[in-house]
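One-based numbering along the sequence shown.
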Amino acid sequence: VLIALFCCSVCCSNETDNAGNSNNAIQDSNSSLAPDFTLLSTDFKQVSLSHYRGKVVLLDFWATWCKSCQEEIPIFIDLYDQYHDQGFEMVGISIDSERLKVVNPFIKKLGVNYTILLGEPDLMEKYNIVAIPTAVLIDQSGKIRKMFIGEQLEKPIYENELKKLL
């Protein structure tokens, strides 16, 4: 609950100010190996990050109550549609405490076409997630290449980094 409250406050504070500037960051990674995990998907399958080895993966840490997260999901749907056939996987990780009760209706309403997993608090710690939304770009060898902290409301921000790895 404390993590959710902290993330909510950070999520809300990362919104664009009146001048159109954003406090959001794109961080290069030290190329460390992404921590593996196994989580339950919304279709009741156990999914591990290692299952995606050999593909470029974008992990999106998000929640249904986060307005910025909701605004980014259409970008991720488009990226998945456009690049899935080229070896790209989009994986959403919901941190909602109410889990399937709120996540399934939400993703159905938005037409989410990629894998959604139900996150665990220890995973946020392993990935050093301090705000949501946060997206983590992982290369084919399983190394973290970029972290997108806060909302990035333009598709080319993600697309440019993704294309470098495909």
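In this structure, Asp96 contributes its side chain and Glu98 its backbone to no donor-acceptor pair below 3.5 Å.
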Side-chain polar contacts of residues 101-114 - donor-acceptor pairs under 3.5 angstrom, sequence neighbours left out - could you list them?
{"from": "Asn113", "atom 1": "ND2", "to": "Asp81", "atom 2": "OD1", "distance (Å)": "2.6"}

Atom pairs and distances, side-chain donor-acceptor, residues 45-60, under 3.5 Å, sequence neighbours left out:
{"from": "Ser48", "atom 1": "OG", "to": "Thr38", "atom 2": "OG1", "distance (Å)": "2.5"}
{"from": "Ser50", "atom 1": "OG", "to": "Asp36", "atom 2": "OD2", "distance (Å)": "3.2"}
{"from": "Lys55", "atom 1": "NZ", "to": "Glu89", "atom 2": "OE2", "distance (Å)": "3.2"}

For residues 69-76, which side-chain N or O atoms pair as donor and acceptor with protein atoms under 3.5 Å away, sequence neighbours left out?
{"from": "Gln70", "atom 1": "NE2", "to": "Thr64", "atom 2": "O", "distance (Å)": "2.6"}
{"from": "Glu71", "atom 1": "OE2", "to": "Lys67", "atom 2": "NZ", "distance (Å)": "2.6"}
{"from": "Glu72", "atom 1": "OE2", "to": "Gln152", "atom 2": "N", "distance (Å)": "2.6"}
{"from": "Glu72", "atom 1": "OE2", "to": "Tyr158", "atom 2": "OH", "distance (Å)": "2.5"}

Only pairs under 3.5 Å count here: list side-chain donor-acceptor contacts from residues 129-137, not counting sequence neighbours, and write none if there are none.
{"from": "Thr134", "atom 1": "OG1", "to": "Ala131", "atom 2": "O", "distance (Å)": "2.5"}

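The structure places CG of Asp43 at 10.0 Å from CG of Leu100, a figure rounded to the nearest 0.5 Å. Glu120 CD to Leu40 CG: the interatomic distance, rounded to the nearest 0.5 Å, is 9.0 Å. Taken from CG in Leu162 to NZ in Lys146, the straight-line distance is 12.5 Å, to the nearest 0.5 Å.
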Report task. Start with the C-alpha gap between Glu161 and Phe148, add the side-chain angles, then the distance that decides, and say whether side chain to side chain contact (heavy atoms under 4.5 Å, CB included) holds. Result -> CA-CA 10 Å; Glu161 298 301 329; Phe148 303 87; 3.9 Å; yes
Report task. With side chain to side chain contact (heavy atoms under 4.5 Å, CB included) as the test, would you mind laying out the steps for Leu79 and Met90 before giving the verdict? Result -> CA-CA 8 Å; Leu79 288 172; Met90 181 71 220; 5.6 Å; no
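Considering only residues two or more places apart in sequence or on other chains, Tyr83 meets the side-chain hydrogen bond (donor to acceptor under 3.5 Å, both in side chains) condition with Glu159. Under the rule for a ring pair (Phe, Tyr, Trp, His ring centres under 6.0 Å), the partners of Tyr80 that lie at least two apart in sequence or sit in another chain are His84.
The heavy-atom pair separating Ile95 from Trp65 by the smallest distance is CD1-CZ2, 4.2 Å. For the pair Leu33 and Ser141, the tightest heavy-atom approach, listed with the atom from each and the gap, is CD1-O, 3.7 Å. Nearest heavy atom pair, residue Gly119 against residue Ile93, reads CA-CG2, 3.6 Å. The two residues Ile144 and Pro35 come nearest to each other via the heavy atoms CD1-CD, 4.3 Å.
Looking only at side-chain heavy atoms (C-beta outward), Phe37 and Asp122 stay at 4.5 Å or farther from each other.
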